[in-house]
Protein chains: 2
Amino acid sequence: MAGGIIYGGPLSERKKRILRSIIDAHIAMGEPIGSKYLVTSAEIPFSSATIRNEMAELEEMGYLEQPHTSAGRVPTQLGYRFYVDSLMESYKLTAAEIVALNNMLKSKIGELDSIIQNASKLVANLTNYTSVAIKAREKETVRSFSYMILDEHNFLMVMKTSGDKVKTKQVHADILLDENNVSRLISLLNAYCVNVTPDDITYSTIVKMESAMGGAARLVNPAIKAFYDAVATASDSNVRFEGVNKLLEYPEFSNVEQLKRVFSMLENKDDFLDILSRSERDKVNVFIGDGENNFATNSAFIFRPLTVDGKVIGAIGVFGPSRMDYSKVISTVEYLTQKITGIIEGRALPEPEEE
Amino acid sequence: MAGGIIYGGPLSERKKRILRSIIDAHIAMGEPIGSKYLVTSAEIPFSSATIRNEMAELEEMGYLEQPHTSAGRVPTQLGYRFYVDSLMESYKLTAAEIVALNNMLKSKIGELDSIIQNASKLVANLTNYTSVAIKAREKETVRSFSYMILDEHNFLMVMKTSGDKVKTKQVHADILLDENNVSRLISLLNAYCVNVTPDDITYSTIVKMESAMGGAARLVNPAIKAFYDAVATASDSNVRFEGVNKLLEYPEFSNVEQLKRVFSMLENKDDFLDILSRSERDKVNVFIGDGENNFATNSAFIFRPLTVDGKVIGAIGVFGPSRMDYSKVISTVEYLTQKITGIIEGRALPEPEEE
DNA sequence: GTTAGCACTTAGACCTTTTGAGTGCTAAAA
DNA sequence: TTTTAGCACTCAAAAGGTCTAAGTGCTAAC
């Protein structure tokens, strides 16, 4: 190898093979990998001495590191990144896994929310890592209001949102309702509260509306509240974890200090929303270690955004140690999000035989 | 003391005082408490020897135990139970805490769900334990169906439920909608799907409805699906935790084995629903240790059900080590659930000055 | 370019010793 | 009869020391 060794530079085929074997073995066993192991178990056809030389160079190039002098090598972030980007053999989902995924999706033809959440549970079980379900914040406003009178004290407020959904809220009034006063109220809402965020509603707006309502002024407050609720709820985001206890299975998280760091991170759900907002859509994203994110070292976050009509509405992913079974996780997440997107867009579920 | 010592029997005033001091101290420090400590810090006006004698008797009676011969004493479940039931001085919420609670409740005049969840967050912060928010399963059926046509391909299905709520679902159809076919569909729903759980809908029902709809048979399926979603969602229950990382602060959970047990328990949300269903309503319930529940030893669960119209709709509580600041937790949970029940029932929020 | 061999390093396992907190018991004091 | 001082005893946890095994880097031979 002429010339100096470049940090992160190109690798010979042999180096690639050794690096890949080290990472595979480390992912499987969780311990530093030594040269001897590679000769006997990974069947690299060179002596341990040769491998040691290669490993020393891989270390100098930044792909490996040693926890201490007399230990084997462990992959660095750079090592994992390389592995993910180029070395990994794409894991083929087993028939059993595909069936499990399809069954889940079929049985739970329900709300988007519960689909995502069930998918998340399944991912946790299939991969044995903590899974993450994210429902993204949607900034919605109301395009138009209409109504339906339920009885003399209740009417239904129907709001078409900017996202072309329909939200409804039941409004209770302590005065008698009739077509007359409710329709007046609704046209006021259509005048003042269309394409407007809840923060834009000022007290003076409310006063104006109340004076316009005359004797039925008491209807304004509950109506505004219903409007507020509908829009505020929509703009609520949501990050949920499943299988948090699986983290404890991995030795890298088995001391309390590490755990504290990890848990306070998981608690900080905004960080996950942040990462989602900075991610690439329509592909599986992989965050590793702490150079790339403000995550705890030794950990990685793999997820794929869910998009509908070009808008990111959420994500499903996996959180775990950076020595993670990347190919399995990536293919599971990929498969599932594809299917979910299909369901959301109204396509029928394909039979499990496919693939 | 004439006669033999009775297990769990009555206690002299001095024993009570000593027991209480031991538990107070143990709650504060998390370590076994020795006789010397009680003399110097808890200001028990007897010598350490006397206290040792009393402690030996309290141990024999089942209120205390020793982790090992040369250690201090630790309360047993029986000890904690006694403490909770009779010794504890009711903790007075500080003004700051009351203000925080009230502000939270005021700012978030929204969905019940989000109220409970925010309350839960607050409880976790105020008490420094993991908080638990439970939304109970509601078994609901639909009392009557009505509709509102949105455009030529969408209508709104409005369902009055057995719980006197109104649920709505937007239904999309690929055939043209008009007053005629939608109203026919709705009257079929009123004939076949009233007071019925989703499981009662059989395939033959669907076939019957489809043949009755004639040319518009394709409307039946999306309508049934909407009905199913609405009722299934309502019957979904929900257990959420906040501040799980706080558990790590307590030494009793600081070894990985203990943590595994605790986390797999938290994962098992049905257990919490179970406990809720077996709890006493309208008061704060305290589960301690493992004699009383299938909880991990060293842990306790304190919660209060939320009831509306005599039905339990959820609960707010705290999960933590059995050495828990019972009085603080109990008064926080009590206060908050009272207020939330008030809000749900439509009462106005009282001013923070009260109390 | 590859490999065998060897000196060197070091975390972790294992053992022993020391320390100190806390007890139970006995005999004296109140 | 109740309380207390004093003392011998116990035991977990900390501290220290030794040993082992895994794994390395380097040199010299192939």
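Donor-acceptor pairing under 3.5 Å is lacking for the side chains of N298(B) and Y250(B). Side-chain atoms of S299(B) and S322(B) include no donor-acceptor pair closer than 3.5 Å.
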| Reading nucleotides 13-30 of chain C 5' to 3', which nucleotides get B (base under 4.0 Å from a protein heavy atom), which S (sugar-phosphate only), which -? | --------BSBBB-----

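From T332(A), atom OG1 reaches atom CG of L336(A) across 8.0 Å, with rounding to the nearest 0.5 Å.
Both P67(B) and R14(B) sit near DNA chain D, but only R14(B) has its closest nucleotide nearer the 5' end.
Note on residues 25-37 of chain B: pairs passing side chain to side chain donor-acceptor pair (under 3.5 Å), not counting sequence neighbours, are S35(B)-R52(B).
Separating the CD1 atom of I51(A) from the C1' atom of dA4(C) is a distance of 14 Å, rounded to the nearest angstrom. Rounded to whole Å, atom C1' of dT10(C) lies 6 Å from atom NE2 of H68(A). Whole-Å rounding puts the E65(A) CD to dT24(D) P distance at 14 Å. Straight-line distance from the CD atom of E31(A) to the C1' atom of dA21(D): 13 Å, rounded to whole Å.
A salt bridge does not link E249(B) with K246(B): none of the charged nitrogens is closer than 4.0 Å to a carboxylate oxygen.
In terms of phosphate contacts, T50(B) brings no side-chain nitrogen or oxygen within less than 4.0 Å of OP1 or OP2 of dT3(D).
For the salt bridge (charged side-chain N to carboxylate O under 4.0 Å, His left out) test with E57(A), the passing option among K15(A), R73(A), R14(A) is K15(A); the others fail.
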